[in-house]
Amino acid sequence: MKIGYPCVNETLDCSAATTFRLASYTDERVVTTVTNNLACLQRILEFNVQHGLLFFRIGSGIVPFGSHAVNTFPWQTEFAPQFRAIGDYIKAEQMRISFHPDQFVVLNSPDPGIVERSIAELVYQGSMLDLMGLDSTAKLQIHVGGLYGDRDVAIERFIATYRTLPEAVQVRLVIENDDRLFSLRDCLRVHEAVGIPILFDNFHHECLNHDEPMQEALRLAAGTWHPTHDGVLMMDYSSQQLGERKGKHTSSLVEERFREFVTHLNGLDVDMMLEIKDKEASALRAVAILRELGLAAPLPLSASV
DNA sequence: TCGAGTCAAGGCTAT
DNA sequence: ATAGCCTTGACTCGA
């Protein structure tokens, strides 16, 4: 089991998400920004290895305007060596990597322009995985999209669009059950049509479900991942912040809830992304708990905790 | 130097 | 019809 956290490291004094405004776009700023972001990404990955965190979600903004028409700079070739070096490090340390394109990526939109921009963003993020030399067990995770008043039509439109995607995107794309619109059961319908794996979010499942017990939901989601092509089930873990709106993530790991959740795994191997506000701090607590339970590998000898 | 407003992109829900 | 929310950091400008 690999444990991770998304995008941002709060311990280090660098950011892999520096950017700038569209209005101030220049090729030179792309160069300086990507250089800075990749250098910071490498530092974050090294921090993670030293602390036994072998799953990481890379932020969408490594290359500013990476899928926008304004950016015609050939960053794919100019930064090929840097991407390759990071990919080599990831493979050497056997880390798992994901991207989570944000809410603007909507493959089932009825607006062709939105679909076109969404595909461009997936191609951009997938091409970073290609440049790193990572295989199809590194994933791009998105939601099914909008309802537009008709669930069946919305799902059919997702399926139709999925079939038109470039293969490099198809082999890496996974869908995540969300907390308001498309449940695990809806995602399973999409999976049955096109074979896409389902990234399981335990908290979303608590918010929106059809009475599938957690252990059963995990089993269903895990069954959508091909062991060699896709790797073990990726999941997002979070829990409800008490006293807040339903769906609000906790600010830090609630240890008792986490221990309870782990019992539902019942031996299932997963790679777990902790979607918790305090990032690596909670991820480290999770690793400690799993280690105590014998479910996570001990720290490497080189680790400095 | 610091605080406030704003930033490429979407869609749902409450009012 | 329209504002607010999701979720979030970082840029940018003006004081």
Regarding Glu255(A) and Arg259(A), does a basic nitrogen lie under 4.0 Å from an acidic carboxylate oxygen? yes
Kindly say if Arg21(A) contacts the phosphate of dG9(C), meaning a side-chain N or O under 4.0 Å from OP1 or OP2. no
Are His143(A) and Phe182(A) near enough that their ring centres are under 6.0 Å apart? no
Has Ser109(A) got a side-chain N or O lying under 4.0 Å from the OP1 or OP2 atom of dG11(B)? yes
Measuring only the P atom in each nucleotide, how far is dG10(B) from dA10(C)? A whole number of Å is fine. 23 Å
Please determine whether a side-chain nitrogen or oxygen atom of Ser67(A) lies at a distance below 4.0 Å from atom OP1 or OP2 of dA8(B). no
Whole-Å distance separating the CZ atom of Phe20(A) from the P atom of dC13(C): 14 Å
Length of the line joining Asn37(A):CG and dA10(C):P, which is rounded to integer Å: 10 Å
Quick check on DNA chain C: between Lys279(A) and Leu22(A), whose nearest nucleotide comes earlier from the 5' end? Lys279(A)
Between dC5(C) atom P and His249(A) atom NE2, what is the distance in whole Å? 17 Å
Salt bridge (charged side-chain N to carboxylate O under 4.0 Å, His left out) between Lys139(A) and Asp271(A): does it pass, once the steps are laid out? CA-CA 12 Å; Lys139(A) 294 298 186 186; Asp271(A) 288 340; over 6 Å; no
Worked verdict on Thr224(A) versus Leu188(A) for side-chain contact (heavy atoms from CB on, under 4.5 Å): CA-CA 8 Å; Thr224(A) 66; Leu188(A) 284 164; 3.9 Å; yes
Would you call Glu212(A) and Arg219(A) a salt bridge, using N to O less than 4.0 angstrom? no
Stems in DNA chain B: runs of 3 or more consecutive Watson-Crick or G-U pairs, distances under 3.5 Å? B:1-7 with C:9-15, B:10-15 with C:1-6
Under 4.0 Å between a Lys/Arg side-chain N and an Asp/Glu carboxylate O for Arg185(A) and Asp211(A)? no
Once you round it to whole Å, what is the distance between C1' of dC6(C) and NE2 of His204(A)? 10 Å
Using the P atoms only, state how far dG9(C) lies from dC12(B), rounded to an integer number of Å. 26 Å
Salt bridge Asp150(A)-Arg157(A), side-chain N to carboxylate O under 4.0 Å: no
Shortest non-hydrogen contact from Arg189(A) to Asp152(A)? NH1-OD1, 3.1 Å
By nearest-nucleotide position on DNA chain C, the 5'-leaning member of Lys277(A) and Arg180(A) is Arg180(A)
Separation of dC6(C) atom C1' from Lys248(A) atom NZ, nearest Å, is 9 Å
Categorize Tyr148(A) for me: base, sugar-phosphate, or nothing, with a 4.0 angstrom heavy-atom threshold over every strand shown. sugar-phosphate
In this structure, how many angstroms lie between the P atom of dG9(C) and the CD atom of Glu275(A), rounded? 13 Å
Just compare dC12(B), dC11(C), dG9(C) and give me whichever is closest to any side-chain atom of Thr18(A). dC11(C)
Could you tell me how far dG4(C) sits from dG5(B) if I compare only their P atoms? Round to whole Å. 13 Å
Pairwise P distance for dT6(B) and dC5(C), with rounding to whole Å: 15 Å
Return the stacking result for dG10(B) and Phe104(A): yes when the ring centres lie under 5.5 Å apart and the planes under 30°, no otherwise. no
Rounded interatomic separation in angstrom, taking OH from Tyr5(A) and P from dT7(C): 21 Å
Using whole Å, report how far CD of Gln241(A) lies from P of dC6(C). 13 Å
Please measure how far the P atom in dC7(B) lies from the corresponding atom in dA3(C), and state the result in whole Å. 15 Å
Considering only heavy side-chain atoms of Gln103(A), the closest of dT12(C), dG10(B), dC12(B) is dG10(B)
If you check every side-chain atom of Ile114(A), which of dC12(B), dG9(C), dG11(B) has the closest atom? dG11(B)
